[in-house]
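Quick notes on the structure that follows.
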Amino acid sequence: AVLPVGAWGAVRLCSAVYGQRAVALFAGLAYAVVPVGRNAIAYGRLGAMVFFAILPFLLRRIWVAAGLVNGPGVEPPPNRRRDLVVTALLAGLAVGVFPAALVLVPLAGVALWVVNSMVGNRTQARRALLRSGAVLGLALVGLFPWVLGFWRGFDPAAVGFVFRPGSSLADAARLLTGPGGGGYAGWFLLAAVALPLLVARGPQFLWVARGWALIVVGVAFVWVPAQLLPSVPMPAAEGALAIAGIGVTLVLASAAILVVEGLRTTGFGWQQVLAVAAVGCVIVPTAAFGVGAINGRWGLPARDWESALALGSEPGGYRVLWAGDPLVLPGDPLLRGDGQGYTMTRDGFGTARDLWPAPESPAMASVSGVLQLVEESQTVSAGHALAPLGVRYIAVPERAAPDAPVLGNLPTALIDGLARQRDLVRRRSEPGIVYYENDAWVPIRSGLSGVAATTAQAPQGEPPHGQAPGHDPGRV
């Protein structure tokens with residue numbers, strides 16, 4: 001539902017901006033075609049998915065209240081306080097699942113203020129910026145006491161900071177972060193948003209400039225940190241690029257307006273010809289979008305490692321430790337000092353619960369220590385060290401899925417170290433992954449029944465067998 005909801009939000013936004021239904025529908029299609037939403041789905045970025053769907057509705061309410069949007073039929077909210085509360089509830093939902101919205105929404109307001117300071121109404125943009133601050137402030141009040149967690153220390157995983165592979169400027173400019181939107185389709189989309197800069201005039205040029213300001217902000221938020229801090233976790237790129245996606249939508253809608261105006265008048269000049277070319281450039285990414293929508297996989301491999309390795313469920317549950325190149329690990333891996341990553345999933349490849357990373361804990365830090373000991377050949381009993389965490393399997397993949405192209409590099413030191421462990425047994429598997437079973441594993445949860453359950457009791461102050469001191473077996 002992420003793509004249709006986001007597209008409908010873009011229709012609502014551009015209907016308020018331009019007041020033409022056909023143009024608004026085209027804008028909704030453009031927002032869906034932008035690869036941001038598809039790649040958020042591909043990587044399971046739950047926060048980015050929700051933010052992508054909510055953002056058009058949120059910006060529309062803020063811009064209408066600030067007077068920035070005053071298209072035909074758009075009226076200011078009759079009850080501004082009630083409108084503020086409703087908008088804050090919407091913002092609270094976005095911030096609750098994607099905390100980086102606290103920065104991205106005001107950043108979009110700053111971009112519009114800069115553009116309006118040069119070619120528009122500075123007062124309207126200032127109102128929009130202040131409205132954004134008031135909405136997000138009220139949203140934080142509604143999220144109390146969750147926000148108090150920030151005062152206990154910054155936990156990147158708890159606020160949606162994830163490993164983000166470095167991307168080139170070309171990929172960032174095409175809003176490309178995953179399998180969706182690659183190839184020539186992304187270049188056609190980039191050409192489509194470049195042409196309106198040459199032909200837009202008057203009110204259309206103002207919205208083209210605003211759209212490009214949002215594109216620059218979203219792309220810079222992704223590309224600059226990737227160049228300066230490549231090994232530091234950052235907010236999911238798809239969230240920031242959703243801002244750029246709104247910019248693309250506004251620019252393409254402005255080009256559609258020029259085409260419609262040319263058809264309504266007798267003068268169809270070179271400006272309208274370039275506008276038609278811009279709209280026509282959307283055909284290629286739209287066709288690619290349609291092909292991916294046939295089966296809904298968006299170019300993802302047909303199989304995953306869970307099915308290839310035949311991982312099943314066990315009473316009490318178990319975990320799989322994935323280690324190696326962060327580019328091919330599932331979910332949002334944690335990084336180690338040598339640039340390698342690791343993560344854990346429950347009962348196979350994980351469930352929807354794993355889409356939201358658990359806060360970093362001493363238990364997860366101990367996993368990094370065990371992997372380092374394995375690499376340095378300082379232990380031959382890594383299985384026993386990982387057993388209290390319920391780790392049954394250790395997998396070191398070379399590719400993200402059995403049928404995916406080889407993207408990562410196998411860490412030779414880790415592979416050699418795992419082969420020396422006495423309590424790990426290597427299992428046969430398809431090429432592209434090294435796969436061990438832990439002979440010393442214990443279930444995450446275990447229990448006794450009958451007389452044993454009523455008589456057995458752990459000594460006071462000692463944890464039950466197979467559970468690390470102070471460890472919550474539910475989460476790691």
Side-chain angles (χ1 to χ4, degrees), residues 3-37 52-53 55-64 68-74 108 111-112 115-116 119-120 124-125 128 174-175 188-219 241-265 271-286 289:
L3 296 180
V5 171
W8 177 245
V11 170
R12 296 271 297 160
L13 173 63
C14 290
S15 179
V17 172
Y18 300 103
Q20 297 192 26
R21 192 67 174 178
V23 172
L25 291 174
F26 173 75
L29 174 64
Y31 191 64
V33 168
V34 167
V36 177
F52 175 85
L55 183 61
F57 297 97
L58 182 60
L59 292 181
R60 181 188 185 278
R61 298 189 69 91
I62 292 174
W63 292 353
V64 169
L68 196 66
V69 173
N70 50 9
V74 177
L112 295 185
V115 171
N116 274 42
V119 295
Q124 293 176 345
R174 291 180 293 162
L175 314 187
F188 274 92
L189 189 63
L190 185 60
V193 296
L195 289 175
L197 284 172
L198 304 176
V199 298
R201 298 290 185 273
Q204 279 71 42
F205 178 78
L206 177 59
W207 280 108
V208 168
R210 289 168 175 170
W212 264 100
L214 295 178
I215 293 173
V216 170
V217 165
V219 171
L241 293 180
I243 296 287
I246 293 292
V248 169
T249 302
L250 293 173
V251 172
L252 293 179
S254 297
I257 283 287
L258 290 174
V259 174
V260 172
E261 289 180 349
L263 294 175
R264 288 178 177 176
T265 62
Q271 294 179 339
Q272 282 71 30
V273 171
L274 290 181
V276 169
V279 174
C281 285
V282 183
I283 295 176
V284 174
T286 301
F289 173 83

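Considering only heavy atoms from C-beta on, Val199 comes within 4.5 Å of Leu258 through its side chain. Cys14 places none of its side-chain heavy atoms less than 4.5 Å from the side chain of Val23. Taking the side chain as every heavy atom from C-beta outward, Phe57 and Val5 approach each other to under 4.5 Å.
Here the rule is side-chain contact (heavy atoms from CB on, under 4.5 Å) with Val219, and of Ile215, Val217, Val216 only Ile215 fits it.
Heavy atoms only, all atoms of each residue included: Leu214 and Trp63 are closest at CD1-CH2, 4.2 Å. Taking both residues in full, the closest heavy atoms of Pro196 and Val251 are given as CG-CG1, 3.7 Å, listed atom of the first, atom of the second, then distance. Residues Thr249 and Ala27 share a closest heavy-atom pair of CG2-O, 3.4 Å. Considering every non-hydrogen atom in both Pro56 and Ala10, the closest pair reads CB-N, 3.5 Å. A pairwise comparison of heavy atoms in Pro285 and Phe188 identifies CD-CB, 3.9 Å as the closest pair. Smallest separation of non-hydrogen atoms from Arg60 and Ala16: NE-CB, 3.8 Å.
The CG atom of Leu68 sits 10.5 Å away from atom CD1 of Ile62, with the distance rounded to the nearest 0.5 Å. Note that SG of Cys281 is 5.5 Å distant from CG of Leu195, once rounded to the nearest 0.5 Å. Atoms CZ and CD1, on Phe52 and Ile246 in that order, are 7.5 Å from each other to the nearest 0.5 Å. Between the CZ atom of Phe205 and the CG atom of Leu197 there is a distance of 7.0 Å, given to the nearest 0.5 Å. Interatomic distance, Ile257 CD1 to Gln204 CD, rounded to the nearest 0.5 Å: 6.0 Å. To the nearest 0.5 Å, atom OG of residue Ser254 and atom CZ of residue Arg210 are 10.0 Å apart.
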- Message: Applying side-chain contact (heavy atoms from CB on, under 4.5 Å) to Val69 and Trp207, what does each step give before you reach the verdict?
- Response: CA-CA 10 Å; Val69 173; Trp207 280 108; 4.0 Å; yes
- Show your working on side-chain contact (heavy atoms from CB on, under 4.5 Å) between Val279 and Leu252 and close with a plain yes or no. CA-CA 7 Å; Val279 174; Leu252 293 179; over 6 Å; no
- Query: Would Leu189 and Val284 count as a side-chain contact (heavy atoms from CB on, under 4.5 Å) if you check the C-alpha gap in whole Å, the side-chain angles of each, and the deciding distance to 0.1 Å?
  - Reply: CA-CA 8 Å; Leu189 189 63; Val284 174; over 6 Å; no
- Take Val282 and Phe26 through the side-chain contact (heavy atoms from CB on, under 4.5 Å) test and state the conclusion after the steps. CA-CA 10 Å; Val282 183; Phe26 173 75; 4.1 Å; yes
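Using modelled atom types, no side-chain atom of Tyr18 and backbone atom of Ala256 make a donor-acceptor pair closer than 3.5 Å. A donor-acceptor pair is defined here as one N or O able to donate and one able to accept, closer than 3.5 Å; such a pair exists between the side chain of Trp212 and the backbone of Val193.
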